[in-house]
Novice: 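This is the structure I have questions about; it appears just below.
Computed from a prediction, not measured in an experiment: that's the story for all the values here.
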Amino acid sequence: MEKWDSNEGTSAFHVPEWMQIQFADQKQEFNKRPTKIGRRSLSRSISQSSTDSYSSAASYTDSSDDETSPRDKQQKNSKGSGDFCVKNIKQAEFGRREIEIAEQEMPALMALRKRAQGEKPLAGAKIVGCTHITAQTAVLMETLGALGAQCRWAACNIYSTLNEVAAALAESGFPVFAWKGESEDDFWWCIDRCVNVEGWQPNMILDDGGDLTHWIYKKYPNMFKKIKGIVEESVTGVHRLYQLSKAGKLCVPAMNVNDSVTKQKFDNLYCCRESILDGLKRTTDMMFGGKQVVVCGYGEVGKGCCAALKAMGSIVYVTEIDPICALQACMDGFRLVKLNEVIRQVDIVITCTGNKNVVTREHLDRMKNSCIVCNMGHSNTEIDVASLRTPELTWERVRSQVDHVIWPDGKRIVLLAEGRLLNLSCSTVPTFVLSITATTQALALIELYNAPEGRYKQDVYLLPKKMDEYVASLHLPTFDAHLTELTDEQAKYLGLNKNGPFKPNYYRY
């Protein structure tokens, strides 16, 4: 295939013909989709740890349907293969319908599949993945397969798997090891089954949270001799990679997808702007107008949450440690406070920091009766839920992912998803946004896999700007959007290539 030649810097590359940004004919390519179809968006991640919770109102099954552990079952797909472990292979037909619906809202991946499958840019790639296993992830996995890769997959989250989708993937021949409601032991067992396979060794890693990378480092460090690179999309996973790099222990190149423009702006900002309201409304049926809300953190996730709640008429306060983000909050019309200053009066507390112990037991003790507490940040560490599991407090399950925690004096708070990620636990995430993230992951895998030796050192890299622009361009035809093209004179005046990149790497969108 056409290699990605380096012209300037370590991450510059020559764009293959199939990846050229198209202006005139893209509309026809993307608009070949049904005009009337039910939209059902089921999932994924702003990344979270393996214990984050997830539920889908659209899931066809519940973990209580069959108490037998999938590890104790002997299942085979219609082709006679048993190289998988899912809840029930008979659910494959339902899962296939979910995947087909997701395909309609993931135009870029479908276009990438169509354009690049002739060249097979991932021919010979053996990708081991650990992400949320949802309909949207299935579209990504099948795209990687169409581009020539062999894949083995586990779930990055013990609650996020859609059992019917896992079954559909297993029926299609993908070795998938995941089911909703895994134990911690099951979680690591599934990862090990993906990695420890006789006659098959991965040469690429796609991770969400860093657990897969950690497991290989811990159990099979010699595998890294053949691994060409790691693609990581989560805050925690990227943080772990930078720690390894700083300590001199990162032995392969890694691509930081989390901090790409397309991931930060679209997955974090625009996605959370919609899903925060969805999650709160589904779990509490509350009215937002007039409610006092404190949002802890004003990064991209916090910005999305604040904008949505403000638009619904809520009174929004913000806490921040970063003076730049704090100033942005003030300029956007939000009152910057310390949590202690408003904790007694607010109706809703939302964490969006990616940190730990942002809401402590002291804060929880001081909250007003019926205060709603939830997390939209990275993992389940932001709210000190463990401090609430004491004899003097009573827990009452109200509905799925909704608990009352009751104090001896009768005061109660409403805790959502046990402090785990609200939008993935209690609602759904727009499929279109996941298309952007998944396309970015696919291109990062292609870049690392095909990069000539020496282009990438044993370090963590950001996605080349050209890739971000390409991902965005693939999604524009969905909106019947038409890019303006620079004239030769204009391009020369600005010192740009007519086809991009259009902004320097330091540009802040």
Novice: Any salt bridge between Arg389 and Glu418, counting N to O under 4.0 Å?
Specialist: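 A salt bridge links Arg389 with Glu418.
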Novice: Just jot down the ring-ring contact (aromatic ring centres under 6.0 Å, His included) partners of Phe266, sequence neighbours excluded, or say none.
Specialist: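 With neighbours one apart ignored, the set is Tyr270.
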Novice: Do you know which two heavy atoms are closest between Arg240 and Gly209, and how far apart they sit?
Specialist: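 Closest approach of Arg240 to Gly209, heavy atoms only: NH1-O, 3.1 Å.
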Novice: With side chain to side chain contact (heavy atoms under 4.5 Å, CB included) as the criterion, how do Ile205 and Ile216 come out once you've worked through the C-alpha distance, each side chain's angles and the decisive distance to 0.1 Å?
Specialist: CA-CA 10 Å; Ile205 295 173; Ile216 296 177; 3.6 Å; yes
Novice: Can you measure from CD (Gln490) to OG1 (Thr484) and round to the nearest 0.5 angstrom?
Specialist: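 The CD atom of Gln490 sits 9.0 Å away from the OG1 atom of Thr484.
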Novice: What's the shortest heavy-atom distance between Val349 and Val346, and which atoms?
Specialist: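 Closest approach of Val349 to Val346: CG2-CG2, 3.8 Å.
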Novice: Among all residues two or more places apart in sequence or in another chain, which pass the salt bridge (Lys or Arg N to Asp or Glu O under 4.0 Å) test with Lys368?
Specialist: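 Counting only residues at least two positions away or on another chain, Lys368 forms a salt bridge (Lys or Arg N to Asp or Glu O under 4.0 Å) with Asp347.
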Novice: Does a donor on one side chain and an acceptor on the other come within less than 3.5 Å for Thr134 and Gln136?
Specialist: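 Thr134 vs Gln136: donor-acceptor pair found between side chains.
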Novice: Report yes if the distance between the aromatic ring centroids of Phe334 and Tyr317 is under 6.0 Å, otherwise no.
Specialist: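 So the answer is no for these two rings.
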Novice: Got a sec, which residues hit salt bridge (Lys or Arg N to Asp or Glu O under 4.0 Å) with Glu274, two or more places apart in sequence or on another chain?
Specialist: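 For Glu274, no residue satisfies salt bridge (Lys or Arg N to Asp or Glu O under 4.0 Å) once neighbours in sequence are set aside.
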Novice: Which residues pass the salt bridge (Lys or Arg N to Asp or Glu O under 4.0 Å) test with Arg152, sequence neighbours left out?
Specialist: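 Listed in chain order: Asp83.
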Novice: Between the side chains of Arg282 and Asp278, is the shortest nitrogen-to-carboxylate-oxygen separation below 4.0 Å, so that they form an ion pair?
Specialist: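 Yes, charged N to carboxylate O under 4.0 Å.
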Novice: For this output row, return yes or no: ring centroids of Phe177 and Phe187 closer than 6.0 angstrom.
Specialist: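 No, the ring centres sit 6.0 Å or more apart.
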Novice: Given Glu382 and Lys356, is the salt bridge (Lys or Arg N to Asp or Glu O under 4.0 Å) satisfied, shown in steps?
Specialist: CA-CA 4 Å; Glu382 302 205 30; Lys356 64 180 294 185; over 6 Å; no
Novice: Working note: Met204 + Ile227, criterion side chain to side chain contact (heavy atoms under 4.5 Å, CB included); need CA distance, chi angles, decisive distance, verdict.
Specialist: CA-CA 5 Å; Met204 294 295 296; Ile227 290 175; 5.8 Å; no
Novice: Could you list the residues that satisfy side-chain hydrogen bond (donor to acceptor under 3.5 Å, both in side chains) with Glu142, not counting sequence neighbours?
Specialist: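 Expected list: Arg96.
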Novice: Provide the closest heavy-atom pair for Ala178 versus Glu182 in the form atom of the first, atom of the second, distance.
Specialist: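 Of all heavy-atom pairs spanning Ala178 and Glu182, the closest is CA-OE2, 3.2 Å.
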Novice: Any donor and acceptor pair, going by atom type alone, linking the side chain of Arg273 with main-chain N or O of Leu309 inside 3.5 Å?
Specialist: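 Not a single qualifying donor-acceptor pair exists.
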Novice: Would you call Asp285-Arg399 a salt bridge at under 4.0 Å N-O?
Specialist: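 Answer for the salt bridge query: yes.
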Novice: Rounded to the nearest 0.5 Å, what separation is found between the OG1 atom of Thr213 and the CG atom of Leu244?
Specialist: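 Rounded to the nearest 0.5 Å, the OG1-CG separation comes to 8.5 Å.
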Novice: Which side chain to side chain donor-acceptor pair (under 3.5 Å) pairs, counting each pair once, include a residue from residues 323-337, with sequence neighbours left out?
Specialist: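 Side chain to side chain donor-acceptor pair (under 3.5 Å) check on residues 323-337 returns Tyr298-Asp332, Lys303-Gln328.
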Novice: Could you check whether Lys246 pairs with Asp459 (Lys NZ or Arg NE/NH1/NH2 to Asp/Glu carboxylate O, under 4.0 Å)?
Specialist: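 The answer is no: the pair does not qualify as a salt bridge.
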Novice: Checking Ser473 side chain against Tyr470 main chain: does a donor-acceptor pair fall under 3.5 Å?
Specialist: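 Pair found, side chain donor or acceptor close to backbone of Tyr470.
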Novice: Between Gln292 and Gln345, is there a side-chain donor-acceptor contact under 3.5 Å, judged purely by atom types and distance?
Specialist: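 Short answer, yes.
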Novice: If the condition is side chain to side chain contact (heavy atoms under 4.5 Å, CB included), which residues does Val433 pass it with, not counting sequence neighbours?
Specialist: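 Per chain and number, Val433 pairs via side chain to side chain contact (heavy atoms under 4.5 Å, CB included) with Asp267, Cys271, Pro430.
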Novice: Would you say that Asn450 contacts Pro121 through its side chain, given a criterion of any heavy-atom pair below 4.5 Å between the two side chains?
Specialist: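 SC-SC contact between Asn450 and Pro121 confirmed.
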Novice: For Lys310, what residues pass the salt bridge (Lys or Arg N to Asp or Glu O under 4.0 Å) criterion, not counting sequence neighbours?
Specialist: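 If we apply the salt bridge (Lys or Arg N to Asp or Glu O under 4.0 Å) test to Lys310, skipping adjacent residues, there are no hits.
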Novice: Kindly compute the distance separating CE (Met286) from CD1 (Ile372), expressed to the nearest 0.5 Å.
Specialist: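 The distance works out to 4.0 Å.
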Novice: Could you pull out the closest heavy-atom pair between Thr360 and Asp384, with the gap in Å?
Specialist: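 What the structure gives for the nearest pair is CA-CB, 4.1 Å.
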Novice: Among side-chain atoms of Thr283 and Gln401, is any donor-acceptor pair under 3.5 angstrom?
Specialist: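 No, Gln401 and Thr283 have no side-chain donor paired with an acceptor closer than 3.5 Å.
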Novice: Closest approach of Met106 and Thr431, non-hydrogen atoms and distance?
Specialist: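 Heavy atoms only, the tightest pair is CG-CG2, 3.5 Å.
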Novice: Pairing donors with acceptors under 3.5 angstrom, does anything connect the side chains of Thr440 and Thr262?
Specialist: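 Note: Thr440 and Thr262 side chains meet the donor-acceptor criterion.
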Novice: Given Ser234 and Glu232, is the side-chain hydrogen bond (donor to acceptor under 3.5 Å, both in side chains) satisfied, shown in steps?
Specialist: CA-CA 6 Å; Ser234 75; Glu232 171 61 58; 2.7 Å; yes
Novice: Supply the atom-to-atom distance Gln441 CD to Ser260 OG, rounded to the nearest 0.5 angstrom.
Specialist: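 Between Gln441 CD and Ser260 OG, I get 9.0 Å after rounding to 0.5 Å.
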Novice: With sequence neighbours excluded, what pairs up with Tyr217 under the ring-ring contact (aromatic ring centres under 6.0 Å, His included) test?
Specialist: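 Counting only residues at least two positions away or on another chain, Tyr217 forms a ring-ring contact (aromatic ring centres under 6.0 Å, His included) with Phe224.
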Novice: List in chain and number order the residues that pass side-chain hydrogen bond (donor to acceptor under 3.5 Å, both in side chains) with His239, two or more places apart in sequence or in another chain; answer none if no residue qualifies.
Specialist: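 Expected list: Gln243.
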Novice: Is there side-chain contact between Ile446 and Leu147, with heavy atoms separated by less than 4.5 Å?
Specialist: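 Touching, per the 4.5 Å side-chain cut-off.
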Novice: Return the set of residues passing side-chain hydrogen bond (donor to acceptor under 3.5 Å, both in side chains) with Thr131 (not counting sequence neighbours), or none when no residue passes.
Specialist: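 Expected list: Trp153.
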Novice: If we ignore angles and hydrogens, is there a donor and acceptor under 3.5 Å between the side chains of Thr478 and His475?
Specialist: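 There is no such pair between these side chains.
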Novice: Sequence neighbours excluded, which residues qualify as side-chain hydrogen bond (donor to acceptor under 3.5 Å, both in side chains) partners of Thr319?
Specialist: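 Testing Thr319 for side-chain hydrogen bond (donor to acceptor under 3.5 Å, both in side chains), a comparison that skips the adjacent residues, returns none.
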Novice: Consider only side-chain N and O atoms of Tyr456 and Glu447, and report whether a donor and an acceptor are under 3.5 Å apart.
Specialist: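 Side chains of Tyr456 and Glu447: pair found under 3.5 Å.
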Novice: Search all heavy atoms of Ala166 against all heavy atoms of Thr161 and return the closest pair with its distance.
Specialist: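 That would be CB-CG2, 4.0 Å.
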Novice: Tell me if a side-chain donor or acceptor on Asn497 pairs with a main-chain N or O of Asn499 at a distance below 3.5 Å.
Specialist: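 Yes, the answer is positive, given that a donor and an acceptor are paired below the 3.5 Å cut-off.
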Novice: Judged by modelled atom types alone, do His363 and Asn340 share a side-chain donor-acceptor pair under 3.5 Å?
Specialist: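 A donor-acceptor contact under 3.5 Å links the two side chains.
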